[in-house]
Amino acid sequence: MASDLETKAKEAFIDDHFELALHLYSQAIQLNPKHAELYADRAQANIKLDNLPEAVADANKAIELDPSMSKAYLRKATACMKLEEYQTAKSALETGAALAPAESRFSKLIKECEERIAEETGDLSMQTPEALAKNDVPAKEIELDKDQPNLEIEAAPPKPVYRYEFYQKPEEVVVTIFAKGTPHDCVKVDYGEQILSVAINAPGKEAYHFQPRLFAKIIPEKCRYDVLSTKVEIRLAKAEPIHWTSLEFSREVAITQRVNVSSVSASQRPSYPSSKPQRVDWDKIEAQVKKEEKDEKLDGDVALNKFFRDIYKDADEDTRRAMQKSFVESNGTVLSTNWKEVGAKKVEGSPPDGMEMKKWEY
């Protein structure tokens, strides 16, 4: 039965029915989960459908089941190059080349990975003259083998077996998968430059696969995981101390790109504020404020208060004393400038018409 499904999957792939091929390969894998060839071929279908993290996970599974399968390394490298994970792709290609030295595609792709890595790191010594002449050639799509009835079937996305969540620190992201009571040897975790691949095959439970393309790059050799009694805790070392707005990569999220400074013309270069202190003309500012105050049109109580302030500011000492004494003694109802009159007696309050003075008792 599994072999029949595999044959139909290959035929569907040849006819460019990649969704159908993926579905048939998945059915065959359920019947024969230890067959490495099925995972390698399903990786090929996933690549065609741009399911790149899933393709990497399938290739990793094929490598786990059969480490000598050179095409599994080729499939892994294909997906990683499309994900721009050139270091991971190069490592897979070097292993595959050692297994299949007669296969010319490995050496060609290793050279391409080295050129792309040099572009990312700015190491011009690793780039060939052709690569320097055209600095932004996209990674070539690897020609895949076409050795694969024609039914239109779409597989519904499976419901995840376990729940996960994540939190982060400046230097790392911690992913928690709540897989209670899972034996340590049933958990396998792989890391790429920007890929996390988790496989959990617990006894009596459906196999769990989690292969997100991560929000940003990580340092695989510094990542680790622990299988605890209630969960699997994965610590991802960030390549850069940036804030991840989500765990998974999304093209809708704006990513800051590096700019090649040498390619920016002088007219395009940003200008920066000078650190030299600027001289402030305080006399000019004061004159401007006075002019604004003079030109300001006031009315009501505001205009009246300004009028009395101006009188007090320009008055002599006797006038100021008269204004202060009359205002205080009359409880704010009289304001006189005549010191001879005010200084000789207590100033009585003079309430407005219709109102009366009231003395507060304490």
I'd like to know if the side chain of Gln27 reaches the main chain of Leu5, judged simply by a donor and an acceptor atom lying under 3.5 Å from each other, with no hydrogens or angles considered. no
Compare all side-chain heavy atoms of Tyr191 with those of Lys222 and state whether any distance is below 4.5 angstrom. no
Taking the side chain as everything from C-beta on, heavy atoms only, tell me whether Val173 gets closer than 4.5 Å to Leu214. no
Residue list, side-chain hydrogen bond (donor to acceptor under 3.5 Å, both in side chains) with Lys325, at least two apart or on another chain: Glu329
If every non-hydrogen atom of Leu65 is compared with every non-hydrogen atom of Ala36, which pair is closest and at what distance? CB-CB, 3.7 Å
Please examine the side chains of Thr88 and Lys76, heavy atoms only from C-beta on, and report whether any two atoms are closer than 4.5 Å. yes
Which heavy atom of Tyr73 sits nearest a heavy atom of Pro67, and at what distance? OH-O, 2.9 Å
Give the intermediate values and the outcome of side-chain contact (heavy atoms from CB on, under 4.5 Å) for residues Lys217 and Gln194. CA-CA 5 Å; Lys217 292 194 173 184; Gln194 201 171 341; 3.7 Å; yes
Do Tyr39 side-chain atoms and Ala57 backbone N/O form a donor-acceptor pair below 3.5 Å? no
Carefully, step by step, assess Leu22 and Leu49 under the rule side-chain contact (heavy atoms from CB on, under 4.5 Å). CA-CA 9 Å; Leu22 179 67; Leu49 294 167; 3.8 Å; yes
ILVMFWY cluster, Phe249 and Ile219 together (side-chain gap under 4.5 Å): no
Counting distance only, does the side-chain N/O of Glu240 pair as donor-acceptor with the main-chain N or O of Ile242 below 3.5 Å? no
For the atom pair CD (Gln211) and CG (Leu196), what is the distance rounded to the nearest 0.5 Å? 9.0 Å
Give me the other members of the hydrophobic cluster that Ile195 sits in, counting Ile, Leu, Val, Met, Phe, Trp and Tyr linked by side-chain heavy atoms under 4.5 Å, directly or via other members. Leu52, Val56, Leu83
Side chains of Ile200 and Ile177: does their closest heavy-atom pair fall under 4.5 Å? yes
Is a donor on one side and an acceptor on the other found under 3.5 Å between the side chain of Arg75 and the backbone of Ala40? yes
Closest non-hydrogen atom pair between Ala89 and Met81, with its separation: CB-CG, 3.5 Å
Quick note, salt bridge (charged side-chain N to carboxylate O under 4.0 Å, His left out) partners involving residues 177-189, not counting sequence neighbours, are Lys188-Asp190
With the threshold set at 4.0 Å, does a side-chain nitrogen-carboxylate oxygen contact exist between Arg320 and Glu317? no
Those residues at least two apart in sequence (or on a different chain) that pass side-chain hydrogen bond (donor to acceptor under 3.5 Å, both in side chains) with Ser107 are none
Could you check whether Phe178 and Tyr164 have their ring centres less than 6.0 Å apart? no
Would a distance-only check, ignoring hydrogens and angles, find a side-chain to backbone donor-acceptor pair under 3.5 Å from Ser70 to Leu99? no
Are His35 and Glu6 packed together at the side-chain level, in the sense that at least one heavy-atom pair is separated by less than 4.5 angstrom? yes
Where do Tyr86 and Glu119 land on the side-chain contact (heavy atoms from CB on, under 4.5 Å) test, with the steps shown first? CA-CA 11 Å; Tyr86 301 110; Glu119 289 173 18; over 6 Å; no
With rounding to the nearest 0.5 angstrom, report the SG to CG distance, Cys186 to Asn201. 7.0 Å
Sorted by chain and residue number, the ring pair (Phe, Tyr, Trp, His ring centres under 6.0 Å) partners of Phe327 (sequence neighbours excluded) come out as none
Strictly distance-based, threshold 3.5 Å: is any side-chain N or O of Ser91 a donor or acceptor partner for the main-chain N or O of Gln87? no
Give, for atom CZ of Arg321 and atom OG of Ser336, the distance between the pair rounded to the nearest 0.5 Å. 13.0 Å
Close side-chain approach of Glu11 and Thr7, heavy atoms under 4.5 Å: yes
Heavy-atom pair with the smallest gap, counting every atom of Phe215 and Ser246: CB-O, 3.2 Å
What closest approach, in Å, do Val187 and Thr182 show between heavy atoms, and which atom pair accounts for it? CG2-CG2, 3.6 Å
Closest approach of Glu85 to Gly192 (non-hydrogen atoms, all atoms of both residues): OE1-C, 3.5 Å
Residues two or more places apart in sequence or in another chain: which of them pass side chain to side chain contact (heavy atoms under 4.5 Å, CB included) with Val174? Tyr167, Glu172, Thr176, Glu233, Arg235
Does a donor on one side chain sit under 3.5 Å from an acceptor on the other, for Thr319 and Asp316? yes
Do Leu93 and Cys113 come close enough that some side-chain heavy atom pair is under 4.5 Å? yes
Just do the side-chain contact (heavy atoms from CB on, under 4.5 Å) check on Leu109 and Thr78 with the steps written out, would you? CA-CA 9 Å; Leu109 293 171; Thr78 304; 5.6 Å; no
Contact check, side chains of Ser326 and Trp339, non-hydrogen atoms, under 4.5 Å: no
Say whether Leu236 and Val227 are linked into one hydrophobic cluster, either directly or through other cluster members, by side-chain heavy-atom distances under 4.5 angstrom. yes
Hey, what do you get for CG (Asp15) to CG (Leu20), rounding to the nearest 0.5 Å? 9.0 Å
Check for me, please, whether Leu38 and Met69 land in the same ILVMFWY cluster - side-chain distances under 4.5 Å, paths through other members count. no
Measuring from atom CG of Asp4 to atom NZ of Lys8, what distance do you get when rounded to the nearest 0.5 angstrom? 6.5 Å
Distance check, rounded to the nearest 0.5 Å: Glu206 atom CD versus Tyr162 atom OH? 9.5 Å
Of the options Asp66, Asp58, Asp41, which is the one that meets Lys71 in a salt bridge (Lys or Arg N to Asp or Glu O under 4.0 Å)? Asp41
